[in-house]
Chemist: 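A single structure is presented below for examination.
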Amino acid sequence: MKETDMRLLILVLAMSFACIVVLRQSHRLVGHEDSASFRLEEIAEVNCNAFLVDRMKHGYQSSILKRLQLSEKNWHEAVILRHEYMATKNNLDEFKPWGDTGFTVLWNLFAPTFDCPYIKKRIGSIGDGGKWLCGFELLQESKTTKATCVVYSFGVNRESSFEAEILEKTNCDVFAYDMTVRRMGQQISGGGTKLRFKSVGLGVNNTHNLRTLETLMAENGHLWIDVLKIDIEGAEFATLESWFDSYNVLPFGQLQLEIHSHRLSFPDFYNWWERLESKGLRAFSSEINLYPCISPKGYRPDLMEYSFINVHISSILVPSGFRPKI
């Protein structure tokens with residue numbers, strides 16, 4: 001058990017003991033037979049319970065906030081280390097993505113150095129299709145509370161285990177898009193009213209078979225997306241670049257993104273990643289896709305699955321009061 005969690009437990013136990021003392025004292029003062037005494041005890045119990053719940057929530061949020069600030073510090077130190085490494089080069093073109101000084105490769109510069117302060121859980125199948133989410137237990141609570149949550153998924157390609165698990169275990173509405181297929185994968189039969197699928201792709205402009213994120217959110221009446229999953233075969237670079245220009249604050253809580261690094265030169269990729277971080281996205285998970293390496297042609301490991309938290313806005317993952325470094 002972490003030190004912060006132990007302190008929270010001790011605090012809750014101390015407050016529970018204080019409530020017991022208050023209740024017993026109110027019982028002694030008024031007497032057992034008086035109806036007013038029962039009312040006093042009831043009031044004391046309700047107030048005490050409310051106080052406990054409030055303090056527990058406050059302590060929990062405070063603990064999450066401290067973990068986030070520590071993660072931000074760790075992430076920022078890693079950014080400084082990256083900048084120091086690149087400062088040894090005369091320019092970005094000098095870096096060799098697949099074998100630089102000290103056996104450094106592309107992905108070493110962009111490691112996920114931010115920690116999810118909740119449970120990190122894989123949603124969907126092992127291998128292609130599954131994604132790592134932060135705080136999935138918070139979305140699962142919506143199944144009981146009936147709270148609303150919104151998931152957008154771009155790139156289905158007949159593998160829908162990710163969307164199927166979200167539909168099964170949460171109350172989230174899932175909006176799925178893929179211009180290369182006409183229906184969801186075999187993991188989903190129906191989906192009910194919680195699933196909407198449209199055979200269009202995600203793009204920079206609205207065309208016959210592409211839509212911008214702004215357009216789709218407006219069509220669906222959304223201002224916020226809790227989980228955004230994107231696998232659009234290299235079009236992620238231009239698409240996110242357009243968001244960096246059009247949004248002051250990105251309208252989603254977390255992003256699951258497959259990156260196809262071979263679509264950009266290293267200098268362009270490096271600058272794109274730096275802009276991504278400047279918009280508040282912090283990588284908390286990465287998983288390399290090694291399939292290209294074991295194919296007969298033996299390609300380089302240039303595909304990576306990343307998961308990011310957006311720290312530039314308060315959400316179910318980021319309590320108010322968080323202070324990002326950038």
Side-chain angles (χ1 to χ4, degrees), residues 121-133 136 139 149-222 225-243 251-252 254-264 285 287-292 294-297 299 302-308:
K121 181 178 175 64
R122 186 181 189 85
I123 305 302
S125 64
I126 294 176
D128 194 38
K131 309 293 178 184
W132 289 98
L133 264 63
F136 186 67
L139 297 180
C149 47
V150 175
V151 176
Y152 276 40
S153 177
F154 293 97
V156 177
N157 194 24
R158 294 183 290 276
E159 213 299 326
S160 303
S161 59
F162 172 81
E163 296 81 5
E165 187 166 350
I166 287 178
L167 289 168
E168 176 191 356
K169 296 181 178 179
T170 77
N171 190 47
C172 294
D173 292 302
V174 176
F175 295 79
Y177 302 93
D178 194 321
M179 65 182 182
T180 68
V181 295
R182 294 288 174 243
R183 62 184 64 86
M184 299 293 290
Q186 62 182 354
Q187 295 85 359
I188 292 179
S189 56
T193 60
K194 289 291 181 182
L195 172 66
R196 285 86 158 176
F197 172 78
K198 197 169 186 177
S199 185
V200 296
L202 180 65
V204 175
N205 298 302
N206 294 318
T207 66
H208 173 67
N209 57 1
L210 294 175
R211 299 291 185 276
T212 66
L213 183 65
E214 296 96 322
T215 296
L216 292 172
M217 291 180 70
E219 287 179 0
N220 298 324
H222 294 147
I225 300 169
D226 293 286
V227 176
L228 175 59
K229 188 210 87 173
I230 299 177
D231 183 358
I232 52 177
E233 307 305 321
E236 66 270 9
F237 296 111
T239 300
L240 267 72
E241 189 73 41
S242 70
W243 297 352
F252 48 84
Q254 60 180 301
L255 169 67
Q256 282 64 43
L257 176 70
E258 182 167 54
I259 290 179
H260 305 74
S261 66
H262 59 283
R263 301 297 182 95
L264 288 183
S285 178
E287 182 176 281
I288 197 164
N289 185 341
L290 291 173
Y291 182 76
I294 62 175
S295 69
K297 294 185 178 180
Y299 292 113
D302 51 18
L303 306 180
M304 184 71 84
E305 298 272 3
Y306 275 102
S307 295
F308 302 88

Chemist: If we only count heavy atoms from C-beta on, is the Q254 to F308 side-chain gap below 4.5 Å?
Modeler: no

Chemist: V156 and A176: which non-hydrogen atoms are nearest, and at how many Å?
Modeler: CG2-CB, 4.0 Å

Chemist: Does F237 have its ring centroid less than 6.0 Å away from the ring centroid of H260?
Modeler: no

Chemist: From R182 CZ over to S199 OG, what is the distance, rounded to the nearest 0.5 angstrom?
Modeler: 4.0 Å

Chemist: Before we go on, tell me: are the rings of H262 and Y299 under 6.0 Å apart, centre to centre?
Modeler: no

Chemist: Would you say the side chain of I259 lies within less than 4.5 Å of the side chain of L303, judging by non-hydrogen atoms?
Modeler: no

Chemist: If the threshold is 4.0 Å, N to carboxylate O, is there a salt bridge linking E236 and R263?
Modeler: no

Chemist: Working to the nearest 0.5 Å, report the span between CD1 of I225 and CG of N220.
Modeler: 8.5 Å

Chemist: State, with a plain yes or no, whether a side-chain heavy atom of V150 is found less than 4.5 Å away from one of F252.
Modeler: no

Chemist: Would a 4.5 Å heavy-atom cut-off, applied to side chains only, mark L228 and F154 as touching?
Modeler: yes

Chemist: With rounding to the nearest 0.5 Å, note down the distance linking CD in E258 to OG in S307.
Modeler: 11.5 Å

Chemist: Step by step, work out the salt bridge (Lys or Arg N to Asp or Glu O under 4.0 Å) result for E287 and R122.
Modeler: CA-CA 11 Å; E287 182 176 281; R122 186 181 189 85; 2.8 Å; yes

Chemist: Salt bridge between E219 and K198, side-chain N to carboxylate O under 4.0 Å?
Modeler: yes

Chemist: Taking all heavy atoms of V200 and all of R211, pick out the closest pair and write down the distance.
Modeler: CG2-CG, 4.1 Å

Chemist: So, taking the atom named NZ in K131 and the one named CD in E163, what distance separates them when rounded to the nearest 0.5 Å?
Modeler: 9.0 Å

Chemist: Between S161 and S125 (side chain of the first, backbone of the second, donor and acceptor by atom type, cut-off under 3.5 Å), is there such a pair?
Modeler: yes

Chemist: Among I232, T212, L210, which residue satisfies the side chain to side chain contact (heavy atoms under 4.5 Å, CB included) criterion with T239?
Modeler: I232

Chemist: Relative to each other, are the rings of F175 and H222 parallel, tilted or perpendicular (30° and 60° limits)?
Modeler: perpendicular

Chemist: Out of curiosity, Y152 OH to Y177 OH, how far, rounded to the nearest 0.5 Å?
Modeler: 5.0 Å

Chemist: Can a donor-acceptor pair be found, under 3.5 Å and without considering hydrogens, that links the side chain of S160 to the backbone of I188?
Modeler: no

Chemist: In chain order, what residues pass the side chain to side chain contact (heavy atoms under 4.5 Å, CB included) check against I288, with sequence neighbours excluded?
Modeler: W107, L290, P301, M304

Chemist: Which residue is it: I123, V227, I166? I am looking for the one with a side chain to side chain contact (heavy atoms under 4.5 Å, CB included) to L139.
Modeler: V227

Chemist: With side chain to side chain contact (heavy atoms under 4.5 Å, CB included) as the test, pick out the partner of L240 among V204, I230, L213.
Modeler: I230

Chemist: So do the side chains of R196 and D173 get within less than 4.5 Å of each other, counting heavy atoms only?
Modeler: yes

Chemist: With a 4.5 Å cut-off on side-chain heavy atoms, are K229 and V151 touching?
Modeler: no

Chemist: Can you give me the closest heavy-atom contact between G124 and E165, atom names plus distance?
Modeler: N-OE1, 2.9 Å

Chemist: Can you tell if the side chain of L133 reaches within under 4.5 Å of the side chain of K121, non-hydrogen atoms only?
Modeler: no

Chemist: I want to check something: taking the side chain as every heavy atom from C-beta on, are Q256 and E305 in contact at a cut-off of under 4.5 Å?
Modeler: no

